[in-house]
Novice: 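Quick one: this structure, given as structure tokens, is what I'll be asking you about.
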Amino acid sequence: MTVQKATNIVWHPSLITKEDREKLLKQKGCVIWFTGLSGSGKSTLAHAVEEMLYKMGHLTFVLDGDNIRHGLNKNLGFSPEDREENIRRIGEVAKLFAQAGVITMTAFISPYRKDRDNARALLNDGEFIEVFVKVPLEVAEERDPKGLYKKARAGEIKEFTGIDAPYEEPLNPELVIDTSKLSLKDSAQMVIDYLKEKKII
């Protein structure tokens with residue numbers, strides 16, 4: 001699905017640069033990529049970070065897995081091929097947001113290491129921040145906010161990550177946050193502290 005089909009197309013550069021936008025917004029555009037099992041707390045954490053940044057006067061946006069599948073990726077299922085295309089599209093959209101100077105957060109299981117690495121490769125050094133929201137499978141399954149693990153165990157959902165489909169943990173993420181040990185506030189503060197340390201905010 002990544003083959004270039006369109007021909008006779010030309011990239012049009014903007015007269016306004018990413019640096020211009022960042023100067024206006026007083027922040028650096030980047031992608032904070034939250035990855036982890038279903039029920040690990042990715043979306044909850046991303047929205048908590050978004051709220052904290054908003055209160056600090058920063059422009060942010062969260063690209064959430066379920067929300068994206070309602071529109072942009074509604075034609076994709078959960079086969080390995082569709083998962084790959086799902087993340088490829090998200091990577092490209094997130095890149096555009098970052099170029100606009102927005103602190104962009106993605107909350108997707110994104111189970112395959114190669115797909116996350118491909119998303120990272122779209123951005124410059126320091127612009128892609130991988131946050132591994134790490135919890136034991138039993139904790140995620142106990143939380144089961146959408147009842148998906150129960151359905152997967154009953155055979156009602158096939159190719160469910162952590163049950164009958166793999167999750168490849170990040171090898172060198174910028175941050176590892178265990179939401180089974182840290183409060184939501186402390187987890188979000190870890191991300192804020194990292195952004196300050198790297199002078200993104």
Side-chain angles (χ1 to χ4, degrees), residues 18-74 86-111 115-116 119-120 122-135 139-140 143-146 148 161 167 170 173-201:
K18 179 175 187 282
E19 290 72 25
D20 292 332
R21 297 184 184 100
E22 290 176 336
K23 187 175 180 181
L24 177 69
L25 296 170
K26 298 179 178 61
Q27 64 186 40
K28 290 186 179 178
C30 67
V31 174
I32 308 173
W33 194 282
F34 294 91
T35 177
L37 294 169
S38 178
S40 61
K42 300 178 300 299
S43 293
T44 302
L45 179 54
H47 286 287
V49 172
E50 179 185 42
E51 185 178 7
M52 290 175 75
L53 287 170
Y54 177 80
K55 289 178 178 177
M56 295 166 70
H58 293 288
L59 181 61
T60 67
F61 197 81
V62 175
L63 298 169
D64 181 83
D66 281 358
N67 293 357
I68 293 295
R69 283 182 177 274
H70 274 94
L72 178 67
N73 291 348
K74 66 181 177 181
N86 184 54
I87 297 307
R88 187 194 71 79
R89 292 182 193 177
I90 295 311
E92 293 287 356
V93 170
K95 174 187 175 183
L96 294 175
F97 272 75
Q99 286 178 341
V102 178
I103 297 172
T104 311
M105 287 166 274
T106 72
F108 295 82
I109 294 171
S110 48
D115 296 342
R116 298 191 303 266
R120 180 187 291 272
L122 294 172
L123 294 132
N124 296 322
D125 287 347
E127 291 180 349
F128 187 93
I129 302 159
E130 189 173 32
V131 180
F132 178 24
V133 186
K134 182 177 184 177
V135 298
V139 172
R143 291 174 177 172
D144 204 10
K146 303 171 190 174
L148 299 177
T161 304
Y167 177 79
E174 278 70 19
L175 288 171
V176 177
I177 300 177
D178 188 338
T179 59
S180 69
K181 296 179 179 177
L182 292 172
S183 69
L184 179 58
K185 182 179 179 181
D186 288 344
S187 297
Q189 190 62 51
M190 280 184 67
V191 179
I192 298 296
D193 290 346
Y194 182 90
L195 297 178
K196 288 179 178 178
E197 178 190 337
K198 298 300 179 181
K199 294 181 169 51
I200 291 167
I201 58 174

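Scope of the values below: all heavy atoms of this structure, side chains included, with no hydrogens, waters or symmetry mates.
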Novice: First locate atom CE of Met105, then atom SG of Cys30, and finally report the distance between them rounded to the nearest 0.5 Å.
Specialist: 8.0 Å

Novice: Regarding Asp115 and Ser110, do their side chains bring together a donor and an acceptor under 3.5 Å, going by distance alone?
Specialist: no

Novice: Supply the atom-to-atom distance Leu195 CG to Lys28 NZ, rounded to the nearest 0.5 angstrom.
Specialist: 11.5 Å

Novice: Taking all non-hydrogen atoms of both residues into account, name the closest pair between Ala98 and Leu123 and its distance.
Specialist: CB-CD2, 3.9 Å

Novice: Check Pro145 against Gly39 and note the closest heavy-atom contact, atom names and distance.
Specialist: CD-CA, 4.1 Å

Novice: NZ of Lys196 to CD1 of Ile201: how many Å apart, nearest 0.5 Å?
Specialist: 6.0 Å

Novice: Using side-chain heavy atoms (C-beta onward) and a distance below 4.5 Å, is Ile32 in contact with Tyr194?
Specialist: no

Novice: Quick one: closest heavy-atom pair of Leu182 and Ser187, and the distance?
Specialist: CB-OG, 3.4 Å

Novice: Counting C-beta onward and ignoring hydrogens, is there a side-chain heavy-atom pair between Lys42 and Ile109 closer than 4.5 Å?
Specialist: yes

Novice: Any idea which heavy atoms bring Gly91 and Ala119 closest together, and the distance?
Specialist: CA-CB, 4.3 Å

Novice: For the atom pair CZ (Phe108) and CZ (Arg116), what is the distance rounded to the nearest 0.5 Å?
Specialist: 13.5 Å

Novice: Check whether Thr179 reaches the backbone of Ser40 with its side chain - one donor and one acceptor, N or O, closer than 3.5 Å.
Specialist: yes

Novice: Might you point out which heavy atoms bring Pro111 and Tyr167 nearest each other, and give the distance in Å?
Specialist: CA-CD1, 3.5 Å

Novice: Could you tell me if the side chain of Ile200 sits less than 4.5 Å from the side chain of Ile129, heavy atoms only?
Specialist: yes

Novice: Tell me if a side-chain donor or acceptor on Glu130 pairs with a main-chain N or O of Thr35 at a distance below 3.5 Å.
Specialist: no

Novice: For the residue pair Val191 and Ile177, establish whether any side-chain heavy-atom pair is separated by less than 4.5 Å.
Specialist: yes

Novice: Can you tell me how far CG of Asp186 sits from NZ of Lys181, rounded to the nearest 0.5 angstrom?
Specialist: 14.5 Å

Novice: Going through the distances and angles, do Trp33 and Ile87 end up as a side-chain contact (heavy atoms from CB on, under 4.5 Å)?
Specialist: CA-CA 11 Å; Trp33 194 282; Ile87 297 307; 3.6 Å; yes

Novice: Decide yes or no for Glu92 and Leu122: does some side-chain heavy atom of the first lie under 4.5 Å from some side-chain heavy atom of the second?
Specialist: yes

Novice: Go through it in stages, so that I can follow the logic: the residues are Met56 and Ile192, the test is side-chain contact (heavy atoms from CB on, under 4.5 Å), and I'd like the CA-CA distance, side-chain angles, deciding distance and then a yes or no.
Specialist: CA-CA 10 Å; Met56 295 166 70; Ile192 298 296; 4.3 Å; yes

Novice: Step by step, would you call Arg21 with Leu59 a side-chain contact (heavy atoms from CB on, under 4.5 Å)?
Specialist: CA-CA 11 Å; Arg21 297 184 184 100; Leu59 181 61; over 6 Å; no

Novice: State, yes or no, whether a side-chain contact exists between Val135 and Arg143 at a heavy-atom distance under 4.5 Å.
Specialist: yes

Novice: Over all heavy atoms of both residues, which pair between Val62 and Ala46 is shortest? Give the atoms and the distance, please.
Specialist: CG2-O, 3.9 Å

Novice: Is there a side-chain contact between Asn124 and Lys18 (heavy atoms, below 4.5 Å)?
Specialist: no

Novice: Hey, does the side chain of Lys134 reach the backbone of Gly36 with a donor-acceptor pair shorter than 3.5 angstrom?
Specialist: no

Novice: Has Arg89 got a side-chain atom pairing as donor or acceptor with Asn73's backbone, closer than 3.5 angstrom?
Specialist: no

Novice: Could you tell me whether Lys55 and Glu51 have a side-chain N and a carboxylate O separated by less than 4.0 Å?
Specialist: yes

Novice: Measure the NE2-CE distance between His58 and Met52 for me, rounded to the nearest 0.5 Å.
Specialist: 11.0 Å

Novice: Under the 3.5 angstrom rule, does the side chain of Asp20 hit a backbone N or O of Leu24 as a donor-acceptor pair?
Specialist: no

Novice: I'd like to check Lys23 versus Glu19 (side-chain heavy atoms, cut-off strictly below 4.5 Å). Are they in contact?
Specialist: no

Novice: Look only at the side chain of Glu127 and the backbone of Gly29, and say whether a donor-acceptor pair between them is shorter than 3.5 Å.
Specialist: no

